Amino acid sequence: MHPTEAGTFAAAVLGPIESVEPVQGFVGNQTFRIHAASGATAYLKSGAAIAAEARAIEQAHAVGVPVPEILASSLGRPPYLIMAEVAGTPSDDPDVLVQAVHALRRLHEIHDADADWAGTLTPLITDLGKLVGIVPDDLTDRLRATMPAFIAGVADVPASLLHGDLHARHLYAVDGKLTAILDWGDACYGDPLYDLARLTITAAPETVLTAYGLDPRERVLQRTLSRYRILWSLTALYAEHAADGDWFDPHVRRIAAELS
């Protein structure tokens with residue numbers, strides 16, 4: 001999408017537009033910061049998962065999870081979502097983290113009995129041939145040997161609505177109060193521990209797990225989170241590769257460390 005096109009879409013909602021600025025984000029999406037003549041600021045996001053993202057935001061809002069306000073959405077060509085600017089800035093305040101984890105618990109009360117969690121995870125292993133040259137062969141062999149049994153073991157976990165990519169930069173706050181959880185483009189239904197595993201990549205595991213009501217010392221839990229961090233890292237690799245990105249090494253190193 002060209003910035004001029006983004007401005008045209010935004011003008012229908014915000015009125016005359018003063019400026020449109022591309023914002024760096026995930027390589028598979030386009031995001032623009034929109035400044036209206038009225039002084040309002042909004043963000044327009046375009047990408048393949050817009051419908052799912054809008055639905056997840058609406059569902060999260062319905063159970064009291066702080067999320068961006070949706071001003072407009074379209075499933076046309078291109079699909080887009082326009083959201084009001086969120087108050088605050090990214091926060092790594094431990095109190096904000098605890099608030100976010102409590103919000104996650106509310107999110108995870110939304111269930112889908114028809115979701116196929118194993119069906120979501122299994123291609124991450126069966127399609128490893130797509131990552132030849134990115135994931136070393138010996139690591140691929142270890143993944144194929146160890147991960148199918150884990151996936152089978154979590155296949156029957158009741159599927160909750162997940163954020164799917166929660167980390168500290170997605171937590172906005174003002175004066176220690178969580179104002180919104182951002183970026184719902186990876187929302188899906190699955191095991192709540194997957195969300196916790198992703199969050200513990202960038203946030204203190206003990207704080208996250210204790211706030212959720214879990215014992216961070218429990219060894220089976222630790223192993224489960226480790227396996228989910230591997231699967232999340234594989235998801236990130238596939239997405240980066242599909243979008244012709246090149247940010248592979250941190251994910252590969254994480255997979256190797258979690259398997260050690």
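Starting from 1, each residue takes its place in the sequence as its number. Because the structure is a prediction, the values reported are computed rather than measured.
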Review point. Which residues pass the side chain to side chain donor-acceptor pair (under 3.5 Å) test with Glu258, sequence neighbours left out?
Key: Ser226, Arg229

Exercise for review: Look at the side chain of Ser46 and the backbone N and O of Pro79, then say whether any donor-acceptor pair between them is shorter than 3.5 Å.
Suggested key: yes

Revision key, fill the gap. Residue set satisfying salt bridge (Lys or Arg N to Asp or Glu O under 4.0 Å) with Asp112, at least two apart, ordered chain then number -> none

Revision key, fill the gap. To the nearest 0.5 Å, atom CG of Leu97 lies from atom NE2 of His102 at 9.5 Å

Study note, to complete from the structure: Value for OG1 (Thr89) from CG (Leu171), rounded to nearest 0.5 Å, stands at 11.0 Å

Check your understanding: Do Leu81 and Ile57 have side chains that get closer than 4.5 Å, going by heavy atoms?
Key -> yes

Review point. Just wondering, more than 12 heavy atoms not from Glu206 lying within 6.0 Å of its CD?
Key: no

Review point. Which atom names give the shortest non-hydrogen contact between Phe9 and Leu44, and what distance separates them?
Key: CB-CD1, 3.9 Å

Review point. Does the side chain of Tyr194 reach to within under 4.5 Å of the side chain of Leu199, using non-hydrogen atoms?
Key: no

Revision key, fill the gap. Tightest non-hydrogen contact, residues Ile181 and Ala103, listed as CD1-CB, 4.1 Å

Check your understanding: Has the side chain of Ser260 got a donor or acceptor atom that lies under 3.5 Å from a matching backbone atom of Ala257?
Key -> yes

**Study point:** Worked check of side-chain contact (heavy atoms from CB on, under 4.5 Å) between Leu214 and Thr210
**Key:** CA-CA 5 Å; Leu214 299 171; Thr210 300; over 6 Å; no

Can you give the donor-acceptor pairs under 3.5 Å from side chains of residues 128-145 to other protein atoms, not counting sequence neighbours?
unit_1 : atom_1 : unit_2 : atom_2 : d
Thr140 : OG1    : Pro136 : O      : 3.2
Arg142 : NH2    : Leu259 : O      : 3.0

Check your understanding: Taking all non-hydrogen atoms of both residues, which atom of Trp232 and which atom of Asp165 are closest, and how far apart?
Key -> CZ2-OD1, 3.3 Å

Point to revise | Polar side-chain atom of Tyr172 near backbone of Ala87 as donor-acceptor pair, under 3.5 Å | key: no

Review point. Is it true that Val98 and Leu107 fall in one hydrophobic cluster, defined by side-chain heavy atoms closer than 4.5 Å?
Key: no

Study note, to complete from the structure: Only one of Asp215, Leu221, Leu193, Val101 passes side-chain contact (heavy atoms from CB on, under 4.5 Å) with Leu209, and that residue is Leu221

Check your understanding: Can you list the steps and then say if Ile50 with Tyr80 is a side-chain contact (heavy atoms from CB on, under 4.5 Å)?
Key -> CA-CA 6 Å; Ile50 287 301; Tyr80 64 86; 5.6 Å; no

Revision key, fill the gap. On a heavy-atom basis, the closest approach of His167 and Thr202 is CB-OG1, 3.3 Å

**Study point:** Inter-residue atom distance Glu58.CD - Trp184.CH2, 0.5 Å rounding
**Key:** 12.0 Å

Review point. So which heavy atom on Pro192 is nearest to which on Pro158, and how close?
Key: CD-O, 4.3 Å

Check your understanding: Which is it for Gln222 and Leu225 under the side-chain contact (heavy atoms from CB on, under 4.5 Å) test, yes or no, and what are the steps along the way?
Key -> CA-CA 5 Å; Gln222 292 176 3; Leu225 295 175; 5.8 Å; no

Review point. Any side-chain heavy atom of Phe32 within less than 4.5 Å of one from Met1?
Key: yes

Check your understanding: Is there a side-chain contact between Glu5 and Pro78, using heavy atoms and a 4.5 Å cut-off?
Key -> yes

Study note, to complete from the structure: Between Ala180 and Pro68, the two heavy atoms sitting closest are CB-N, 4.3 Å

**Study point:** Pairwise side-chain contact, Leu71 with Glu69, heavy-atom cut-off 4.5 Å (strictly under)
**Key:** yes

Review point. Any side-chain heavy atom of Leu196 within less than 4.5 Å of one from Tyr228?
Key: no

**Study point:** Nearest-0.5 Å distance, CD1 of residue Ile70 to NZ of residue Lys45
**Key:** 11.0 Å

Review point. In Å and rounded to the nearest 0.5 Å, what is the OG to CD1 distance from Ser233 to Ile201?
Key: 5.0 Å

Review point. Partners of Tyr212 by ring pair (Phe, Tyr, Trp, His ring centres under 6.0 Å), sequence neighbours excluded?
Key: His108

Review point. With a 4.0 Å cut-off, would you call Asp183 and Arg169 a salt bridge?
Key: no

**Study point:** Distance, nearest 0.5 Å, that separates OH of Tyr189 from CG of Leu161
**Key:** 4.5 Å

Practice item. Is it possible for you to say whether Leu162 and Leu182 belong to one hydrophobic cluster, with membership spreading through side-chain heavy-atom contacts below 4.5 Å? Key: no

Point to revise | Those residues that, when tested against His111, pass side chain to side chain donor-acceptor pair (under 3.5 Å) (two or more places apart) | key: Ser160

Practice item. Kindly assign one of parallel, tilted or perpendicular to the pair His163 and His170, based on the angle between their ring planes and the thresholds 30° and 60°. Key: tilted

Review point. Are any non-hydrogen side-chain atoms of Asp186 and Glu53 less than 4.5 angstrom apart?
Key: no

Check your understanding: Yes or no on side-chain contact (heavy atoms from CB on, under 4.5 Å) for Phe150 and Val154, after CA distance, side-chain angles and deciding distance?
Key -> CA-CA 7 Å; Phe150 172 76; Val154 299; 3.9 Å; yes

Without placing hydrogens or testing angles, list every side-chain donor-acceptor pair under 3.5 Å for residues 10-23, not counting sequence neighbours.
unit_1 : atom_1 : unit_2 : atom_2 : d
Glu21  : OE1    : Arg33  : NH1    : 2.8
Glu21  : OE2    : His35  : NE2    : 3.3

Point to revise | Side-chain donor or acceptor of Gln99 paired with backbone N/O of Asp95 under 3.5 Å | key: yes

Point to revise | Single-linkage hydrophobic cluster, 4.5 Å side-chain cutoff, Val63 and Val67 together | key: yes

Check your understanding: Can you check whether Glu85 reaches Tyr43 side chain to side chain, under 4.5 Å on heavy atoms?
Key -> yes

Practice item. Could you tell me whether Arg223 atom CZ has more than 12 heavy atoms of other residues or ligands within 6.0 Å of it? Key: no

Point to revise | Under 3.5 Å: donor-acceptor pair, side chain of Thr179, backbone of Val174 | key: no

Practice item. Answer yes or no: is there a donor N or O on one side and an acceptor on the other, between the side chain of Thr207 and the main chain of Ala203, under 3.5 Å? Key: no

Check your understanding: Do side-chain atoms of Glu240 reach the backbone of Asp246 as a donor and acceptor pair under 3.5 angstrom?
Key -> yes

